[in-house]
Amino acid sequence: MNQPLAGYAPAPVTARMENHGNHMLKVAMQTGNDLLARVGSMVAYEGFVQYEPNPPAVRQIAKDWLTGEGAPLMKCSGDGLLYLADYGANVVVINLGGEGISVNATNLLAFDAHLTWGVERVKGLAKFAGQGLWNTRISGQGWVALTSRGKPIVVDCGGGDDETYVDPDALVAWSPNLKVKGKRSFRAQSLIGRGSGEAYQMAFSGQGIVVVQPSEDSTDRLRVRG
């Protein structure tokens with residue numbers, strides 16, 4: 001029986017975070033190196049790992065999620081291997097290396113607890129979406145795991161004047177140094193997006209990347225009102 005299943009066995013640990021297949025995250029847990037992960041994302045673990053849902057440090061920061069887009073988080077601590085997933089979504093692992101990333105909260109799976117993070121309003125979009133768009137900004141030396149509904153594309157915006165346009169419901173994350181603005185597309189609601197009202201995009205420019213999933217989130221993160 002073991003022979004047919006051999007190809008699914010865990011691979012040797014080579015990094016703090018890594019993929020096990022396309023849809024599962026493997027985290028090497030060590031005492032003193034805690035993890036913040038989406039509540040309910042644990043699918044298995046080996047060793048001794050403890051969980052604390054919505055710890056005080058998370059409550060203090062996440063109170064700024066005014067629009068209900070926040071992802072409930074739990075603190076994971078201990079020693080062993082931890083496996084996380086989110087309903088079969090693709091998992092994208094990123095080593096920040098001292099840089100930062102701005103993440104749609106619905107696509108945030110896990111990140112090192114020692115990283116600097118907070119909830120911030122995306123400037124320049126309030127007139128398109130009432131209160132605007134709130135994202136989670138994470139930076140520092142450490143690891144972040146994102147989810148994508150399907151295999152994502154990573155678009156390099158370059159440093160020129162050309163802009164990259166993204167349906168906000170398909171947006172996963174972007175480099176926080178990029179300039180962001182909203183753009184209306186009149187008479188295009190049947191072609192772009194699945195939300196009600198006018199069609200719209202988010203325009204990115206500058207030096208950095210944008211991560212886009214091939215599936216539009218159904219939460220209507222931005223909706224033109226009026």
Side-chain angles (χ1 to χ4, degrees), residues 5 8-120 134-149 152 172-176 211 213 217 219:
L5 298 175
Y8 298 95
V13 176
T14 60
R16 160 69 165 175
M17 287 188 187
E18 53 192 326
N19 287 83
H20 179 74
N22 294 325
H23 309 291
M24 191 177 298
L25 173 70
K26 179 172 67 175
V27 185
M29 299 294 298
Q30 295 177 328
T31 298
N33 193 6
D34 295 342
L35 183 79
L36 293 177
R38 176 180 290 274
V39 170
S41 61
M42 187 277 290
V43 294
Y45 68 92
E46 302 175 25
F48 180 75
V49 182
Q50 293 181 306
Y51 308 91
E52 181 184 358
N54 198 25
V58 170
R59 291 199 299 268
Q60 181 63 28
I61 296 176
K63 68 180 182 179
D64 292 329
W65 267 313
L66 300 179
T67 58
E69 296 173 357
L73 298 174
M74 61 182 178
K75 184 174 75 171
C76 310
S77 57
D79 291 278
L81 291 177
L82 175 61
Y83 296 90
L84 305 175
D86 184 22
Y87 295 98
N90 284 58
V91 175
V92 181
V93 179
I94 301 172
N95 187 347
L96 292 180
E99 299 184 357
I101 192 167
S102 186
V103 185
N104 174 7
T106 61
N107 296 96
L108 183 58
L109 180 61
F111 59 97
D112 284 328
H114 66 262
L115 289 170
T116 300
W117 69 286
V119 181
E120 63 180 11
W134 294 80
N135 253 32
T136 305
R137 181 167 178 168
I138 307 173
S139 61
Q141 294 283 351
W143 296 81
V144 178
L146 313 178
T147 60
S148 172
R149 304 299 171 185
V172 174
W174 70 85
S175 301
V211 183
Q213 63 186 1
D217 196 306
T219 55

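It should be emphasised that the depicted structure is a prediction, and the values quoted were computed from it without experimental measurement.
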Are the side chain of Asn90 and the backbone of His23 linked by a donor-acceptor contact shorter than 3.5 Å?
->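 No; zero donor-acceptor contacts below 3.5 Å.
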
Indicate the atoms forming the closest heavy-atom contact of [X] with [Y], along with that distance.
| X | Y | result |
| --- | --- | --- |
| Pro176 | Gly100 | CD-O, 3.2 Å |
| Val144 | Ile138 | CG2-CG2, 4.0 Å |
| Val93 | Trp143 | CG1-CE3, 3.5 Å |
| His114 | Gln141 | NE2-O, 2.7 Å |

Gap separating the [atom1] atom of [X] from the [atom2] atom of [Y], nearest 0.5 angstrom:
| X | Y | atom1 | atom2 | answer |
| --- | --- | --- | --- | --- |
| Leu36 | Glu52 | CG | CD | 10.0 Å |
| Leu108 | Leu146 | CG | CG | 7.0 Å |
| Met29 | Gln50 | CE | CD | 10.0 Å |
| Met24 | Leu109 | CE | CG | 11.0 Å |

Taking the side chain as every heavy atom from C-beta outward, state whether [X] and [Y] have any pair of such atoms under 4.5 Å apart.
| X | Y | answer |
| --- | --- | --- |
| Val92 | Pro152 | yes |
| Ile101 | Leu96 | yes |
| Trp117 | Val103 | no |
| Asn135 | Trp174 | yes |

Can you list every salt bridge (Lys or Arg N to Asp or Glu O under 4.0 Å) pair that touches residues 102-111, not counting sequence neighbours?
->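 Salt bridge (Lys or Arg N to Asp or Glu O under 4.0 Å) check on residues 102-111 returns no pairs.
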
Which salt bridge (Lys or Arg N to Asp or Glu O under 4.0 Å) pairs, counting each pair once, include a residue from residues 94-108, with sequence neighbours left out?
->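 Matches after skipping sequence neighbours: none remain.
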
Partners meeting side chain to side chain donor-acceptor pair (under 3.5 Å) with Ser175 (sequence neighbours left out) |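 In terms of side chain to side chain donor-acceptor pair (under 3.5 Å), with neighbours along the sequence ignored, Ser175 is linked to no residue.
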
Asn95: partners by side chain to side chain donor-acceptor pair (under 3.5 Å), with sequence neighbours left out =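 Testing Asn95 for side chain to side chain donor-acceptor pair (under 3.5 Å), a comparison that skips the adjacent residues, returns none.
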
Gln213 pairs by side chain to side chain contact (heavy atoms under 4.5 Å, CB included) with which of Asn104, Asn107, Thr147?
->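 Output: one option passes, namely Asn107.
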
Could you give the side-chain donor-acceptor pairs of residues 10-22 under 3.5 Å, partners two or more places apart or in another chain?
unit_1 : atom_1 : unit_2 : atom_2 : d
Thr14  : OG1    : Glu18  : OE1    : 2.7
Arg16  : NE     : Asp112 : OD1    : 2.7
Arg16  : NH1    : Ala28  : O      : 2.9
Arg16  : NH1    : Asn33  : O      : 3.3
Arg16  : NH2    : Asn33  : O      : 3.0
Arg16  : NH2    : Asp34  : O      : 3.2
Arg16  : NH2    : Asp112 : OD1    : 2.8
Glu18  : OE2    : Thr14  : N      : 3.1
Asn19  : ND2    : Val91  : O      : 2.9
His20  : NE2    : Tyr8   : O      : 3.3

Mind listing the side-chain donor-acceptor pairs of residues 74-87 below 3.5 Å, one per line with the distance, residues two or more places apart or on another chain?
unit_1 : atom_1 : unit_2 : atom_2 : d
Asp79  : OD1    : Thr31  : N      : 3.2
Asp79  : OD2    : Thr31  : OG1    : 2.3
Asp86  : OD2    : Arg149 : NH2    : 3.1

